Amino acid sequence: DGQQAPAEIPCAGGGGGAQNGQATLNANGILGIGNAPQDCTIAGSNECATEQGIDGVSPYPYVYCNTAACETSSVPLEYQIWNPVAAFSSSDTNGVMFQLPGVALSGAPTLYGTLTFGNNTQPNNAIPSSAITYELDGQGQFPTITFNGVDYADAGFVDSGSNAYFVSDAATLTSATGITTTLCTDNSFYCPASPLGLSLALNGFNGASGSATLYIDNADSLLSDCTGCVAFDSLAAPSGTNPSNDFWDLGLPFFFGRQLFVGIAGAATYPYGYWAF
């Protein structure tokens, strides 16, 4: 509501400065592509109205503050942050199509894409018959992703907000590919000894199945060879430290060279939403 949050907020100590203007954000805006019509709505149920948050474990995702203290709080639907597409007054409220061109192996200094509102509502947003539609499960994820014969349940999703792939861990990838995979000098991204190709089996809640191959290259080499680049299609980082806590975040590189349709939850046919590509 425009009020300044009190200094006692726990996250104030480690969150950095407020990026509430173009100069401090260093961008015109942040684009989020999601399946939820509101922050906490899954299949028409407001998960923020229950004792726990949307994952059934964490507290409410909203923090209420007065002049002296802060606490987590349930939030009615009308006061949650809305997906703007779901709030359109037009017929194009059921999703978006996000299309980015392919990116060279060495990276790209600029990248221009298209965001089209609505799925199967206009001639320019029809989902092609060649696309596979993966319905999300109740957690908003692929029910299973299989890698190297191991099924990862509720541990995989598509996310344009991730600047790289966030997948598995270095030891697991080394064992599965036979290629030594370590973290880079700053311990963030992967720096494999040679490029990796990871084959994944994807499954939807509707029984749809398909596959995807992720390519991972040495981040130190990529970033040093193309210092002015803003996009890399083979940049990846670990998601966990061992197979028990690994997950598969198909980040922005997964969108390069694809038409990717994001279905917003709430439709009778796909109550949890979907991804189609």
Side-chain angles (χ1 to χ4, degrees), residues 19-37 81-88 90-134 157-167 188-190 195 197-198 200 202 210 212-237 248-264 273-277:
Q19 294 181 326
N20 54 3
Q22 186 183 30
T24 53
L25 181 61
N26 197 30
N28 292 320
I30 296 174
L31 181 66
I33 305 297
N35 301 90
I81 296 174
W82 278 58
N83 184 327
V85 178
F88 284 169
S90 70
S91 61
D92 304 320
T93 61
N94 64 347
V96 298
M97 186 269 283
F98 193 21
Q99 185 170 16
L100 290 169
V103 172
L105 293 177
S106 58
T110 58
L111 197 67
Y112 296 90
T114 302
L115 179 67
T116 304
F117 300 122
N119 291 339
N120 286 332
T121 59
Q122 307 289 343
N124 68 338
N125 63 22
I127 300 176
S129 58
S130 57
I132 299 175
T133 299
Y134 300 91
F157 50 91
V158 176
D159 179 28
S160 65
S162 298
N163 65 342
Y165 295 120
F166 289 85
V167 296
S188 57
F189 295 113
Y190 282 128
L198 310 182
L200 307 180
L202 310 175
T213 300
L214 313 184
Y215 294 100
I216 299 175
D217 210 342
N218 187 299
D220 277 348
S221 299
L222 290 171
L223 296 171
S224 62
D225 292 345
C226 191
T227 55
C229 286
V230 299
F232 297 94
D233 74 343
S234 53
L235 197 64
W248 299 85
D249 176 353
L250 308 185
L252 189 63
F254 192 73
F255 288 73
F256 298 155
R258 278 189 171 94
Q259 275 190 331
L260 205 149
F261 295 82
V262 180
I264 295 176
Y274 63 84
W275 297 301
F277 48 88

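Note that the structure is a prediction, hence the values are computed from the model and not measured.
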### Query
Asn163 versus Phe189: any side-chain heavy-atom pair under 4.5 Å?
yes

### Message
The test is side-chain contact (heavy atoms from CB on, under 4.5 Å); show your working for Cys226 and Phe232 and say whether it passes.
### Response
CA-CA 10 Å; Cys226 191; Phe232 297 94; 4.2 Å; yes

### For the student: nearest non-hydrogen atoms of Asp233 and Ala104, plus distance
OD1-O, 4.0 Å

### Message
Is any side-chain heavy atom of Ile132 closer than 4.5 Å to one of Leu202?
### Response
no

### Message
For Asp217, give me all partners under side chain to side chain donor-acceptor pair (under 3.5 Å), at least two apart in sequence or on another chain.
### Response
none

### Query
Between Pro253 and Ser162, which heavy-atom pair has the shortest distance, and what is it?
CD-O, 4.4 Å

### Task
Flag the pair Asn120 / Phe261 as yes when at least one side-chain heavy-atom distance between them is below 4.5 Å, and no otherwise.
no

### Query
What's the verdict on side-chain contact (heavy atoms from CB on, under 4.5 Å) for Leu198 and Trp248, showing C-alpha distance, side-chain angles and the deciding distance?
CA-CA 11 Å; Leu198 310 182; Trp248 299 85; 4.2 Å; yes

### Task
Keeping the roles fixed (side chain from Asn35, backbone from Gly263), state whether a donor-acceptor pair exists under 3.5 Å.
yes

### Query
Do Leu105 and Tyr215 have side-chain heavy atoms sitting under 4.5 Å apart?
no

### Query
Mind checking whether Trp275 and Leu250 have side chains closer than 4.5 Å, heavy atoms only?
no

### Task
Verify, without hydrogens or angle tests, whether Ser224 (side chain) and Ser221 (backbone) share a donor-acceptor contact under 3.5 angstrom.
yes

#### Entry: Closest non-hydrogen atom pair, Ser188 against Ala237
O-CB, 3.5 Å

### Query
Quick one: does Thr116's side chain get under 4.5 Å of Gln99's, heavy atoms only?
no

#### Entry: Any side-chain heavy-atom pair of Leu115 and Ile33 under 4.5 Å
yes

### Query
How many angstroms lie between CG in Leu222 and CG in Leu235, if you round to the nearest 0.5 Å?
6.5 Å

### Task
Find the distance between CG (Leu111) and CZ (Phe255) and round it off to the nearest 0.5 Å.
12.5 Å

### Query
Going through the checks in order, is the side chain to side chain donor-acceptor pair (under 3.5 Å) test met by Thr121 and Asn125?
CA-CA 7 Å; Thr121 59; Asn125 63 22; 2.8 Å; yes

### Test item: Leu214 and Phe254 side chains (from C-beta on) under 4.5 Å apart, heavy atoms
yes

### Query
So which heavy atom on Phe277 is nearest to which on Arg258, and how close?
CD1-NE, 4.1 Å

